[in-house]
Amino acid sequence: MVRKVAILANGGDVSGFNAVIRGIVKTAEENGIECYGFIDGYRGLLNNNFIRLDGQKISSGILHTGGSIIGSSTNANVFNYKVEENGEVVYKDLSEQCIENVKRNEFDCIFTLGGDGTQKSARDFSVRGLNVIGIPKTIDNDVACTDITFGYNTAVSVAAEALDRLHTTGETHHRIMVLEVMGRYAGWIALESAIAGGADVALIPEIPYDINKAVEKINKRIKRGKRFSVVVVAEGATPKGGTLTIENTRDNGKGVDNTKLGGIGSRVAKELEELTGLEARNTTLGYMQRGGTPTAFDRVLSTKYGAQAMQFAIEGKFGILTVLKDGKLDSVSLEDVVGENKEIGAVSGNTKESNIRKVTMDHDLVKTARRIGICLGD
Ligand code: F6P
């Protein structure tokens, strides 16, 4: 019997966090269940910092808002938490303190809104006896076992609008316009926005690119009188035989995978300018993809995820991720989602090994892109 539940939002923010929270709270309220929210994700769980999410107060006015009314944390892995001891930085497993907090406050279920890393911690808490239900979030759309994550559709819309705008300025000045979008391990945003925004080239992490293929495509267009081209590049795209383009290495508090990607767009623009003779300009879309109001699609998806997750809690179904499978709401065990995740052990500059859902070559988006002549760099 579930009486009191808590929500935490973790990882990089997306548009739709608040719509999920609202979906959970409204469904809880319909069933006489009390809702709370931990502040700043797992950090709030660790510090026992939470607020009451009162349906009357919070359910109006947040459906369409960006951000998260309970914050989010991108660097709070409580199983490997950065602390200072005697002037030295050490990483500690503080999960026991979190479990104590849940027990002391008598939370019957914790909802974890987050991507791969967040769900890995959720799985670890579930193994240790907490009732946990995950909801898949990330603009990158790369969580395993679900058709789609919330926040992704909004990111694609923002990228598509940026491409529309780059299109007209590129055409006016006879330039190659490059757009660098997010997508650390997976190229979903780049690929889908390329189709939505009519790009000529899309470079994604899953297909190491040969810049000469992009040059061929652009030259073909020049021959046909099109003296401009639009190129989308995912931040995690790499040239054949090359490595990731990294802006800097930062202390993300996780001790793993601590590189900030960035710069591949400028690199591609520079190379294309040299090789085609056309002027090229790069725009890095960055955090525009994560902020602001969610699309109608994301509002609905987030509401469906929130309401279904609460329903699973009422039915006593825990240790699961709420997913969309072939267009239908469903659940999958957290173990299946992150079971092979080998995050600990990755080193600086390397990407972590995990179950991340990448673009597959037989996906409709890849087939469509190829059929209409979008160059994928191979
Ligand atoms: O995981 C989503 C994501 O948008 C990645 O594509 C990107 O590399 C990362 O977040 C950057 O986030 P932050 O700078 O907040 O760590």
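Both ligands and their constituent atoms are indexed starting at 1 by order of listing.
- Ligand 1 places these atoms under 4.0 Å from at least one heavy atom of I139: 4 (O).
- L261 does not count as a contact of ligand 1, since none of its heavy atoms falls under 4.0 Å from the ligand.
- When the heavy-atom distances from atom 12 (O) of ligand 1 to E247, Q289, R290 are ranked, the shortest goes to R290.
- Within a 6.0 Å sphere centred on CZ of R227, heavy atoms belonging to other residues, nucleotides or ligands number 12 at most.
- With a 6.0 Å radius and a threshold of 12 heavy atoms from other residues, nucleotides or ligands, K325 has its NZ atom above the threshold.
- An N or O contact shorter than 3.5 Å is missing between K260 and ligand 1 by distance.
- Listed by chain and residue number, F17 satisfy the ring pair (Phe, Tyr, Trp, His ring centres under 6.0 Å) test with F150 (two or more places apart in sequence, or in another chain).
- Under a 4.0 Å heavy-atom criterion, G183 is in contact with ligand 1.
- Residue R165 qualifies as open at atom CZ: its count of foreign heavy atoms under 6.0 Å is 12 or below.
- Sorted by first and then second residue, the pairs that involve residues 152-177 and meet ring-ring contact (aromatic ring centres under 6.0 Å, His included), not counting sequence neighbours, are H167-F228.
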